[in-house]
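Beneath this line is the structure, given in structure tokens, with notes to follow.
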Amino acid sequence: MTTEAEAQAPARVPPPDREGEAGRSWAALAILLVGTFVTVLDYFIANVAIPSVQSDLNATAAQGQLVVIGYGVAFTCGMITGGRVGDLYGRRKMFALGMVFFTIASAACGFAPNADFLIVARVVQGTAAALMVPQVLGILGVVYTGAARVRAFTVYGLVVGFAAVFGQVIGGLLITVDIAGLDWRTIFLINIPIGVVTLWLTPRKVPESRSDDRRGLDIPGALLVTAALVALVVGLVEGQSAGWPVWSLVCLAATVPLFAAFVSHTRRRARTGSGPLIEPALFHNRVFSQGLVASLSYFLAMGSFFLLLALFLQQGRGLSPLESGLLFFTLGAGYFGSSMVSAQLAPKIGRRLVAVGPALLATGYVIVGLTAHAQGSDGSVTLLIPGLLVAGFGMGMTTGPLTGVVLSGAAPEHAAAASGVVNTVQEGGAAIGVAVVGAVFFPVLGDNPPASEYPYAFGMALIPLVVFALIASALSLTLPKEKQSG
């Protein structure tokens with residue numbers, strides 16, 4: 001049904017791939033991926049800095065956790081709205097605006113005088129990231145086509161993986177080098193020159209695009225979905241770490257009516273042509289909807305493994321953050337190698353590639369778990385390397401290609417909104433995965449466990465991750481071969 005507002009809407013900006021070589025410029029991809037890298041990096045890099053933050057700012061353990069969780073919650077819960085805003089007002093414009101606020105918030109974090117100020121600045125930083133990141137996938141989805149699109153999403157996956165895998169290493173190095181005596185503050189202040197350069201290049205290299213749907217932002221829908229996501233993520237992540245107090249159970253219970261209200265509201269606005277936050281027709285496409293579930297299952301398996309491995313290496317094997325971070329290079333090597341291979345294989349074997357990746361991830365986890373159990377608390381951690389290589393290979397073969405497949409089921413006019421949904425599912429899956437891992441790992445360990453208990457707890461916590469990876473593989477294997485119309 002065409003509404004009067006739609007009939008009067010200005011013509012959609014032509015997809016950038018029709019505007020000549022500038023639209024295909026790999027300089028645009030590089031600029032966009034810098035934004036992706038710093039936002040994902042800042043999610044992981046803060047973990048290493050928490051002890052220094054607590055010491056320098058006299059922060060409590062709870063405040064230290066909020067420095068990490070505040071960013072993650074704002075980042076996860078704001079991306080659906082951020083994506084829709086990009087579709088309405090211009091994806092390049094919203095990417096640049098997000099980078100402005102991200103850079104300012106990074107400066108505020110770096111110069112924070114106390115813990116409460118730092119927490120608020122981290123929430124603002126996460127909100128800015130939520131505005132910026134959906135535009136990246138939205139722009140890539142309309143700028144690149146064919147083989148160039150496959151390569152763009154492969155590189156995107158490589159960058160996301162590098163930021164996640166090496167975040168701990170980069171953070172450890174920056175704090176160890178201690179530039180100008182700034183200690184932990186350098187992990188935030190380094191974003192300032194990066195942000196300034198990116199903002200200068202963005203209008204010169206990145207083409208603008210937007211949706212032809214100009215019906216305005218669905219503010220009630222944005223409030224409902226944000227409230228539902230906050231209740232879910234905070235209830236799971238904080239509830240697990242706090243021992244499931246009553247308030248966390250109330251949050252989790254509230255997610256059901258909040259999501260139900262959002263779905264009802266969205267359908268009503270779609271029926272009346274009022275412009276919902278998420279177009280329900282997106283989910284009529286099996287490539288998008290089934291691929292979204294596969295992506296959720298994959299990130300449940302992948303996102304939480306970094307925390308689990310770090311806990312095992314540092315608490316169970318006594319490695320320092322930097323030493324354990326160096327072992328993460330093994331994952332990175334596998335990730336990099338498979339990303340290069342998948343870029344070559346994707347045009348030949350298509351979507352079967354994203355089914356192989358999660359299966360390899362599960363295989364790597366099994367090898368790592370069995371090796372850790374066989375070595376106990378005294379064996380060499382270097383024996384974990386073969387399993388980590390296999391797991392990293394599976395990650396690199398899945399992250400970018402699966403994202404590209406899911407978004408291929410979305411109409412171009414809803415590119416950024418669809419990207420917001422995909423990003424939310426990915427980040428939310430990683431957060432829920434952390435809660436699942438914690439619910440297995442810590443009860444198995446018990447209170448004040450000896451080092452000898454860690455290999456067993458580590459292996460038990462890997463079991464649900466293996467199951468999630470195999471589910472993702474099965475769902476990816478049965479995806480339609482061709483893009484369906486919504």
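Worth saying up front: this structure is predicted, and the values here are computed from it rather than measured. Reckoned from all heavy atoms, side chains included, excluding hydrogens, waters and symmetry mates.
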Query raised in the report: Nearest heavy-atom pair of Ser304 and Leu465: which atoms, and what distance?
Result: OG-CD2, 3.3 Å
Query raised in the report: What are the two closest heavy atoms between Pro134 and Met79, and how far apart are they?
Result: CG-O, 3.5 Å
Query raised in the report: Under the criterion side-chain contact (heavy atoms from CB on, under 4.5 Å), which of Tyr454, Phe312, Phe458 is the partner of Arg317?
Result: Phe312
Query raised in the report: When you look at Tyr89 and Leu97, which way does the side-chain contact (heavy atoms from CB on, under 4.5 Å) test go after all the steps?
Result: CA-CA 11 Å; Tyr89 303 112; Leu97 184 62; over 6 Å; no
Query raised in the report: Side chains of Ile463 and Val440: does their closest heavy-atom pair fall under 4.5 Å?
Result: no
Report task. Pick out which of Thr198, Leu131, Val206 makes a side-chain contact (heavy atoms from CB on, under 4.5 Å) with Phe95. Result -> Thr198
Query raised in the report: Should Lys205 and Trp200 count as side-chain neighbours, where that means a heavy-atom distance under 4.5 Å?
Result: no
Report summary line: In terms of heavy-atom contacts, Pro113 and Leu57 come closest through O-CD2, 3.9 Å
Query raised in the report: Just wondering, do Ile80 and Arg84 contact through their side chains at under 4.5 Å, heavy atoms?
Result: no
Query raised in the report: Quick check: does any side chain N or O of Ser248 sit under 3.5 Å from a backbone N or O of Pro245, one acting as donor and the other as acceptor?
Result: yes
Query raised in the report: Short question: side chain of Thr399, backbone of Gly396 - any donor-acceptor pair under 3.5 Å?
Result: no
Report task. Please say whether more than 12 non-hydrogen atoms of neighbouring residues, nucleotides or ligands are located less than 6.0 Å from CZ in Phe442. Result -> yes
Query - Check: Ile139 main-chain N/O paired with Arg92 side-chain donor or acceptor under 3.5 Å - result: no
**Report entry** Check: Phe393 and Leu389 side chains under 4.5 Å, non-hydrogen atoms
**Finding:** no
Query - Nearest atoms (heavy-atom pairs only) where Phe288 meets Val406 - result: CD1-O, 3.4 Å
Query raised in the report: Name the one of Leu388, Leu327, Leu462 that satisfies side-chain contact (heavy atoms from CB on, under 4.5 Å) with Leu309?
Result: Leu388
Report task. With ring-ring contact (aromatic ring centres under 6.0 Å, His included) as the test, would you mind laying out the steps for Phe75 and Tyr71 before giving the verdict? Result -> CA-CA 6 Å; Phe75 190 15; Tyr71 179 89; 5.7 Å; yes
Query - Atom pair OG1 (Thr103) and CD (Gln125), whose distance is rounded to the nearest 0.5 Å - result: 9.5 Å
**Report entry** Spacing of Leu292 atom CG and Leu402 atom CG [to the nearest 0.5 Å]
**Finding:** 9.5 Å
Query - Stepwise side-chain contact (heavy atoms from CB on, under 4.5 Å) test for Val160 and Tyr156 - result: CA-CA 6 Å; Val160 169; Tyr156 167 84; 3.7 Å; yes
Query raised in the report: If we only count heavy atoms from C-beta on, is the Phe101 to Thr127 side-chain gap below 4.5 Å?
Result: no
Query - Neighbour count >12 (heavy atoms, 6.0 Å) for atom CH2, Trp247 - result: yes
**Report entry** Residues, nucleotides or ligands: over 12 heavy atoms within 6.0 Å of Phe259 CZ
**Finding:** yes
Query raised in the report: Are the side chain of Thr76 and the backbone of Val73 linked by a donor-acceptor contact shorter than 3.5 Å?
Result: no
Query - Step-by-step side-chain contact (heavy atoms from CB on, under 4.5 Å) determination, Phe305 to Val437 - result: CA-CA 8 Å; Phe305 180 67; Val437 162; over 6 Å; no
**Report entry** Test item: Tyr365 and Leu361 side chains (from C-beta on) under 4.5 Å apart, heavy atoms
**Finding:** yes
**Report entry** Identified side-chain contact (heavy atoms from CB on, under 4.5 Å) counterpart of Ser106 within the set Asn191, Ile194, Ile187
**Finding:** Asn191
**Report entry** Leu258 versus Ala231, closest heavy-atom pair with distance
**Finding:** CD1-CB, 4.4 Å
Requested in this report: Take atom CD1 of Ile190 as the centre, draw a 6.0 Å sphere, and report whether it contains more than 12 heavy atoms from other residues, nucleotides or ligands.
Outcome: no
Report task. To the nearest 0.5 Å, tell me how far Glu427 CD sits from Phe299 CZ. Result -> 7.5 Å
Requested in this report: Determine whether Ser338 and Met395 make a side-chain contact, defined as any pair of heavy atoms from C-beta on separated by less than 4.5 Å.
Outcome: no
Query - Spacing of CG belonging to Leu223 relative to CG belonging to Asp218, to within rounding of 0.5 Å - result: 9.0 Å
Query - Any Leu232 side-chain heavy atom under 4.5 Å of Leu252 side chain - result: yes
Query raised in the report: Got a donor-acceptor contact below 3.5 angstrom from the Tyr335 side chain to the Ala391 backbone?
Result: no
Requested in this report: Grab the two heavy atoms, one from Ala28 and one from Pro207, that are nearest each other, plus how far apart they are.
Outcome: CB-CD, 4.2 Å
Query - Atom pair CZ (Phe188) and CG (Asp42), whose distance is rounded to the nearest 0.5 Å - result: 6.5 Å
**Report entry** Rounded distance [0.5 Å steps], CZ in Arg185 versus CG in Leu118
**Finding:** 8.0 Å
Report summary line: Which of Arg91, Lys93, Met99 passes side-chain contact (heavy atoms from CB on, under 4.5 Å) with Gln135? It is Arg91
